[in-house]
Amino acid sequence: MFAITENKIREKQLGDDRAGAVVIFEGLVRNHNDGKKVTCLEYQAYIEMAEKVGQEILNETFNKFDIIDAACIHRVGMLQIGDAAVWIKVLSAHRDEAYQASKYIIDEVKSRVPIWKKEHYVDQEPEWVACHRCASHEEHHHSHEAVT
Amino acid sequence: MFAITENKIREKQLGDDRAGAVVIFEGLVRNHNDGKKVTCLEYQAYIEMAEKVGQEILNETFNKFDIIDAACIHRVGMLQIGDAAVWIKVLSAHRDEAYQASKYIIDEVKSRVPIWKKEHYVDQEPEWVACHRCASHEEHHHSHEAVT
Amino acid sequence: MKIKIKYFAAMRESTGKSSEVIETTATSLSAVYDELNDRYHFPLNRDDLKVAVNEKYVDFEEAVSPDDTVVFIPPVAGG
Amino acid sequence: MKIKIKYFAAMRESTGKSSEVIETTATSLSAVYDELNDRYHFPLNRDDLKVAVNEKYVDFEEAVSPDDTVVFIPPVAGG
């Protein structure tokens, strides 16, 4: 299940008697990014396509890893510091698969799903976070993103 | 914060405006193990020592990984299928550190904290799960454990 | 032919539109980009964009067909 | 000297005790194990156990001191 929502993320219940491990990832809005103080974040999505690409990512995850269930919800609209922008839950019999699948989903969501974010700062004009910065962040672990 | 509890695990609230990533791990009681149908699991702890060793593990985690906060709760007593036996939450600015720290904590908890479990089966006498089986499970990913 | 263009993020702000239907004779998506860029002076170069047709990523050299929905995708930043 | 022994899991079931105070002349933890194993015929060999003194893992060849709390730790299985 991959969904885009304009509301606060409400965790989806996933349960299965075969499950021994659950890994939940949440991406939160941080109060700082790239040395700038962030006040809030505005997420925009090409919703129809985002839901298709998101579902493709989940399908790939089921094919690659021995997991029982997986779900991802991404929020759009205006988010405040501490708000969850993305929530991912994976169930598996054994924990390694749940961790690996969780990381795969967030990596792919960040690189492929058509969602954009505009950072609003204390001291300067808001700006859309551009991908070449995200990409360099992903490679080098600089603090270029408000949500990681 | 490392705690042992006899009650259902109640998640501890951890929040921090610097946090961009949250990884939560839950180890659940599975309905099968090593080909046998499990009905329930009994966890016993050497509580005083378990809390000390658990806190040592969290201290090591703070030293090894750039994280903001971490907490672990382990339940003891009689658990039913689907119950969480262990809950781990890690907050960090960037997600890689949260995943790595989460995995480190569960790996160390499983190998060092003095907690034991007795599996109760549908078809045979209950038995204490022995470490040489756990160890071989950890290495080879056999399904030797009721909680992973 | 007529095609539909949707705009998001910085592209939406620069055009002031979330979507429009255009009449074009462009044969590739690349040519559609050039045509619109002449009009709007997009804030993003073609190399910084991806392109989607009918909700699927495709190559800029692919052809456009009547009634396609085309989106020039700025660098994504979900998560 | 007197030392306290605590038992957990399979060790507790085989001794029928969760703890006891014993009088011993054993100089090492290894010797304490042997002494108690003669009495209880533990279900676990020394090689399958670890040993903790006063809530810390130590080596079986370490000495015991009066009033120590000693626990022979069966293979752990938390998580």
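Chain naming here is simple, since letters A, B, ... match the order of the sequence lines and numbering starts at 1 in each.
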Does B/Trp116 reach the side chain of D/Pro74, with side-chain heavy atoms less than 4.5 Å apart? yes
Listed partners of B/Glu51 passing salt bridge (charged side-chain N to carboxylate O under 4.0 Å, His left out), at least two apart: none
Could you tell me whether the side chain of B/Tyr43 and the main chain of D/Gly79 form a donor-acceptor pair under 3.5 Å? yes
Segment of B/Ala84 engaging chain D (4.5 angstrom heavy-atom cut-off): neither
Could you grab the distance from atom CD1 of B/Ile115 to atom CZ of D/Phe8, nearest 0.5 Å is fine? 11.0 Å
Side chain, backbone, both or neither: which part of B/Glu48 has an atom under 4.5 Å from a heavy atom of chain D? both
Please check if the number of heavy atoms outside B/Glu6 that lie under 6.0 Å from its CD is greater than 12. no
Interatomic distance, OG1@D/Thr69 vs OH@B/Tyr46, rounded to 0.5 Å, equals 6.0 Å
So does B/Gln124 have more than 12 non-hydrogen atoms from other groups sitting under 6.0 Å from CD? yes
State, with a plain yes or no, whether a side-chain heavy atom of B/Met49 is found less than 4.5 Å away from one of D/Lys6. no
Which one, B/Pro114, B/Cys72, B/Ala50, leads in non-hydrogen pairs under 4.5 Å with chain D? B/Pro114
Working to the nearest 0.5 Å, report the span between OH of D/Tyr57 and CD of B/Glu56. 9.5 Å
Most chain D-contacting option - heavy-atom pairs closer than 4.5 Å, from B/Val113, B/Ile88, B/Val53, B/Val109: B/Val113
For the CD atom on B/Gln13, are there more than 12 heavy atoms of other groups (residues, nucleotides or ligands in this structure) within a distance under 6.0 Å? no
